[in-house]
Number of protein chains: 2
Amino acid sequence: MTYSEKTNYHHGDLRAALLDATDKIINRDGLELFSLRACAREAGVSHNAPAHHFADLRGLLTAYATNAFDLLIDSMEYAKKSRSADPAEQLLATGEGYIQFALTHPGKFQVMFRNEKLDAKHMELQNSSAKAFGILEHAMTNWLELYHPIALTDEKKLKYILMAWSVCHGYATLAGERKLDFISGFNQGTNHHIDFGKLLLNTFIQSITYSNTTI
Amino acid sequence: MTYSEKTNYHHGDLRAALLDATDKIINRDGLELFSLRACAREAGVSHNAPAHHFADLRGLLTAYATNAFDLLIDSMEYAKKSRSADPAEQLLATGEGYIQFALTHPGKFQVMFRNEKLDAKHMELQNSSAKAFGILEHAMTNWLELYHPIALTDEKKLKYILMAWSVCHGYATLAGERKLDFISGFNQGTNHHIDFGKLLLNTFIQSITYSNTTI
DNA sequence: CGAAACATTTTGACAGTGTCAAGATGTGAT
DNA sequence: ATCACATCTTGACACTGTCAAAATGTTTCG
């Protein structure tokens, strides 16, 4: 039994407790009010206790973002399960899972896509984010095989993948950063944002579907 | 001749100098290294000199973002001028101007869309951002009138506007936050990002164009 | 069993931050 | 010339991330 497997050392498993505290603070107070010392305070340890588990602030948030990417993967996989095997349905579900996650966990989503807060070189983060990307890539690849008659170059395939990702990510970002609030007559509740995002995504996929023979 | 019109008071026009310093620091060191005190230092004044011109840090960045929105407007208007009056061309140009601006001025773009750094209640910011949105709205409205045969409800019209905005904003954000770096074989230069974004946007507009009779 | 080796946490310090209060200084009007 | 006022400086405070050193708990091994 090694150290990392034990559950009752000085604090128990402080690493996990700090990540929990991080989540609590970010959800309660927002990312801008999060600090290493606030995190330590929340976990009930001294201000420098995190140093042994994370190299620095970015190290902690990198681990937090890694976990968040795994949750994003879960969200997309979960959405896919409730749909038929039709690649268009699967692609739609993947994007819906993305939007659903982003707007349900705005704090996590912020950290995941704020480059300066992360250590992009970190392997586990790269693995988790690459895996998340792979799900979208896979869904689009399957869609293209069935709905796009002409074989595509890698660049054109990538264009479709990034187009779909951009739609999801752009809408999620704009809604999450409250940049749609000023639009009159547009319901600003989180659930409505999610619903509207799905509507928007659905229209997007229909568009590329019904135009697939011409471009 | 009022105070604000004078050019040689204690410092000259410190307000403008501070905004210049802000721009210099954000472009040189990045937003994460920007601070009020660094800004004052850059402008050659004491650490608390900005207080008389801006209520606080958010106040300064709000003014900075307001100017940036005006530059975004210029970028979109400029792109539109070089195209034909065809609404599809104009819509394309609008989006291209958006992407061009976002990737040419990543620091400004970051500030503009980081809600916690801004005072969203500020009137001038609201005006400038609403005007920028209006350009996109106008371009899409013109496009819909010509290319979409059926009259749309406000909600469906908004869906199209937000879809186009999301494509531009999502791609610009992902590229700007370096979230596309890991894609193998994908050139990471800023100019290539811009070119690819325009390609992507062009495909998007073609898609909605060629599918307009069916959905 | 005990002592050494080690992982973990605490304490203290330092330079940096935003913001507040108070004082100093330059400018325009009367 | 004096006064009101805009502008800027100085000093202080609590907060931040990170470093170094000390203290404490746990494991290992003789």
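Being a predicted model, the structure only gives us computed values, none of them experimental.
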Exactly one candidate in A/Glu96, A/Lys108, A/Met76 meets side-chain contact (heavy atoms from CB on, under 4.5 Å) with A/Phe101; the answer is A/Lys108

Which letters describe nucleotides 10-18 of chain D, given B = protein heavy atom under 4.0 Å from base, S = only from sugar-phosphate, - = neither? BBB---SBB

Expressed as a whole number of angstroms, how long is the span from A/Arg15:CZ to C/dA7:C1'? 15 Å

Does D/dA6 have OP1 or OP2 sitting under 4.0 Å from an N or O in the side chain of B/His52? no

May I ask you to check whether B/His169 and B/Phe113 place their ring centres under 6.0 Å from each other? yes

For B/Lys117, is there an ion pair with A/Glu177 - N to carboxylate O distance below 4.0 angstrom? no

Is any side-chain N of the basic residue among A/Arg178 and A/Asp181 closer than 4.0 Å to the acidic one's carboxylate O? yes

Whole-Å distance, B/Leu60 CG to C/dT19 P, equals 10 Å

Whole angstroms only, please: what is the CG-C1' distance between A/Asp13 and C/dT9? 15 Å

A/His53 side chain N/O closer than 4.0 Å to the phosphate oxygens (OP1, OP2) of C/dT9? yes

Taking the inter-plane angle between the rings of A/Tyr98 and A/Trp165 on a 0 to 90° scale, is it parallel (under 30°), tilted (30 to 60°) or perpendicular (over 60°)? perpendicular

Do A/Lys159 and B/Thr203 meet the criterion of a side-chain donor-acceptor pair at a distance under 3.5 Å? yes

Separation of C/dT19 atom C1' from B/Phe54 atom CZ, nearest Å, is 16 Å

